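Worksheet: the structure to be examined is printed underneath.
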Amino acid sequence: MSVRSVFPQLEQLLPRVSKPIQYVGGELGAVVKDWDATTVRWALMYPDAYEVGLPNQGVQILYEVLNEQPDVLAERTYAVWPDLEALMKEHGVPQFTVDAHRPVKAFDVLGLSFATELGYTNMLSALELAGIPLDSADRGDDDPIVLAGGHASFNPEPIADFIDAAVLGDGEEAVLEITGIIREWKAEGRPGGRDELLLRLARTESIYVPRFYDVDYLPDGRIQRVVPNRPDVPFRVAKRTTMDLDAWPYPKKPLVPLAETVHERYAVEIFRGCTRGCRFCQAGMITRPVRERSITTVGQMVKEGLEFSGFREVGLLSLSSADHSEIGDMCSGLAEQYEGTNVSLSLPSTRVDAFNIDLAQELSRNGRRTGLTFAPEGGSERIRKVINKMVTEEDLIRTVVTAYSSGWRQVKLYFMCGLPTETDDDVLQIGRMAHEVIKAGRIAAGTKDIRCTVSIGGFVPKPHTPFQWAPMERPEVIDARLKMLKEEINSDRSLGRAIGYRYHDGEPSLIEGLLSRGDRRVGAVIRRVWEKGGRFDGWSEHFSYARWIESAAEVLPGFGVDLDWFTTREREQAEVLPWDHLDSGLDKDWLWQDWQDSMSEYEQDDCRWTPCFDCGVCPSMDTEIQIGPTGKKLLPLTPVNSLRVPV
Ligand code: SF4
């Protein structure tokens with residue numbers, strides 16, 4: 001049965017809201033298909049505003065992979081701002097997709113990609129607006145399957161009541177398998193209803209269906225066990241790994257936004273996974289092993305992506321792009337190909353060594369210099385050993401001096417505050433390091449006109465990392481350290497003037513910590529916060545710490561636990577963690593050993609260049625690291641005339 005667009009009703013509301021263009025769709029790359037000609041229909045949601053959600057690579061890739069199937073339709077939906085939410089409620093307009101403005105409730109699947117846990121309240125708003133019951137248990141056969149993906153789905157327990165299923169890991173192949181299961185179930189006449197469909201998904205052993213697992217608690221509040229409550233459901237659910245990135249060269253047709261978004265560029269993921277072993281980095285841990293995309297596929301993707309989209313900026317993305325085994329050839333090949341055109345090339349430059357600067361110089365042949373960012377992450381040598389970020393102060397100063405003497409006038413340095421074992425002095429050393437950077441930089445550049453920006457993020461211990469057992473620091477301690485650091489930076493006025501200082505205060509990190517390592521009981525806090533008006537918690541202007549604290553205090557004591565129990569409490573080795581039944585491939589004993597190693601400041605090498613250190617991923621997931629060099633070149637290196645700037 002055909003599904004009607006809600007646009008006629010929505011259109012009347014748009015003149016009354018901010019940035020209405022974000023709700024109209026019609027972007028280059030957008031796909032609208034005939035509803036009746038398809039059998040399986042997905043609504044894909046990035047649960048944040050359009051300006052953040054549209055550039056999301058995960059959603060763009062799945063959107064394209066699904067829409068390439070002739071009998072499958074995928075449309076996008078984003079979180080609507082509170083002004084439109086209020087009007088939609090008043091006028092009975094449901095959560096809609098931006099492509100054909102179809103009501104989300106009409107789809108077979110609502111797939112949500114959670115890059116961060118702070119999007120959970122936006123999910124509840126979307127469900128309510130869609131007319132989909134908030135609780136999975138209350139949904140009927142006519143409701144979509146609410147499916148979570150993205151990095152946060154490696155511990156979906158805090159949203160276990162609200163979702164029907166979660167997929168861990170890479171989505172390209174998973175969405176097609178799920179589509180196949182739904183297609184078959186529908187063709188058979190939907191036997192057994194929603195429950196049977198969820199069971200079929202769970203039986204794949206790589207789709208987690210929370211309702212098929214019971215959680216038992218010990219009297220002290222810890223989890224005793226998580227066990228399946230159906231006979232043919234696996235004890236552990238495994239993550240997905242797409243091994244051959246060359247076989248999945250997406251996005252081929254990137255979405256080009258009509259409204260302003262946070263990134264307007266063609267982004268190519270040049271490899272997935274990271275084995276550098278930074279102990280705080282969940283992305284690095286859960287995406288192992290390293291799988292490189294070949295230089296030739298990257299070249300082809302850039303060429304076709306630019307031709308399709310008209311973008312003039314290309315980002316070569318990954319968790320540590322300078323580590324691609326052929327990055328030198330890739331950068332020089334692309335720089336040569338696009339020299340003299342108005343295309344600018346960039347890679348996120350977080351690796352602290354001069355090689356990064358060589359690459360950045362190569363990429364700036366067109367005369368456009370993107371900013372240089374380095375991430376030492378910790379202020380002192382000691383804390384960098386704790387977190388396994390193997391950078392000496394000497395390395396950093398040498399690298400930054402090379403940048404200034406090569407003509408850069410501005411560099412950014414990323415650090416974290418609140419790391420395990422951190423003392424005031426570890427944080428104060430960030431200020432001293434920044435002073436040294438400016439002093440050495442002024443000599444190297446031969447001018448006082450240089451700047452460095454120190455940017456500080458709050459540490460959040462994440463599941464499936466060696467720091468998953470770590471206690472969090474209290475926000476007031478973090479804030480006091482950040483204040484001391486500011487004073488340290490400004491203790492020398494001449495140097496302080498050249499240093500920019502940006503930081504996130506400790507309160508949002510504590511709440512992110514609650515949501516990251518929470519269990520099913522935290523769902524009641526999320527619901528209470530949302531009921532009290534919590535929306536867009538990733539935005540400082542919308543985030544209310546008081547609302548979270550208040551809601552946690554109202555709800556958690558009923559379970560015999562509290563906010564501290566989830567955040568500032570150190571876990572013991574024997575404790576069953578809420579995500580232990582979700583298998584990222586990492587061996588829990590190895591993670592524990594690495595946590596112990598961090599306390600003794602022992603550094604772990606990268607298995608790309610040293611022997612395997614048995615983290616467990618490759619044997620348990622039947623995968624292997626895949627790195628070059630392939631020996632291929634970025635051919636043909638013909639100049640791209642259509643993009644050439646007339647002289
Ligand atoms: S199993 Fe060995 S080779 Fe594979 S990611 Fe872990 S340490 Fe590296």
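Order of listing sets the numbers, starting from 1, for every ligand and every atom in it. If you're wondering where the values come from, they're calculated on a predicted model, not measured in any experiment.
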- Message: Quiz question: by atom type and distance under 3.5 Å, do the side chains of Q60 and N56 form a donor-acceptor pair?
- Response: no
- Message: Can a side-chain donor-acceptor contact be found between T623 and R288 if the only test is distance below 3.5 angstrom?
- Response: no
- Message: With 2.8 Å as the threshold, which protein atoms of type N, O or S lie near atom 6 (Fe) of ligand 1? Leave waters out.
- Response: C615 SG
When you check the gap from the basic side-chain N to the acidic O, do [X] and [Y] get nearer than 4.0 Å?
X    : Y    : value
E381 : K389 : no
D580 : K588 : yes
E172 : R272 : yes

- Query: Mind checking whether Y120 and F114 have parallel, tilted or perpendicular rings, split at 30° and 60°?
  - Reply: perpendicular
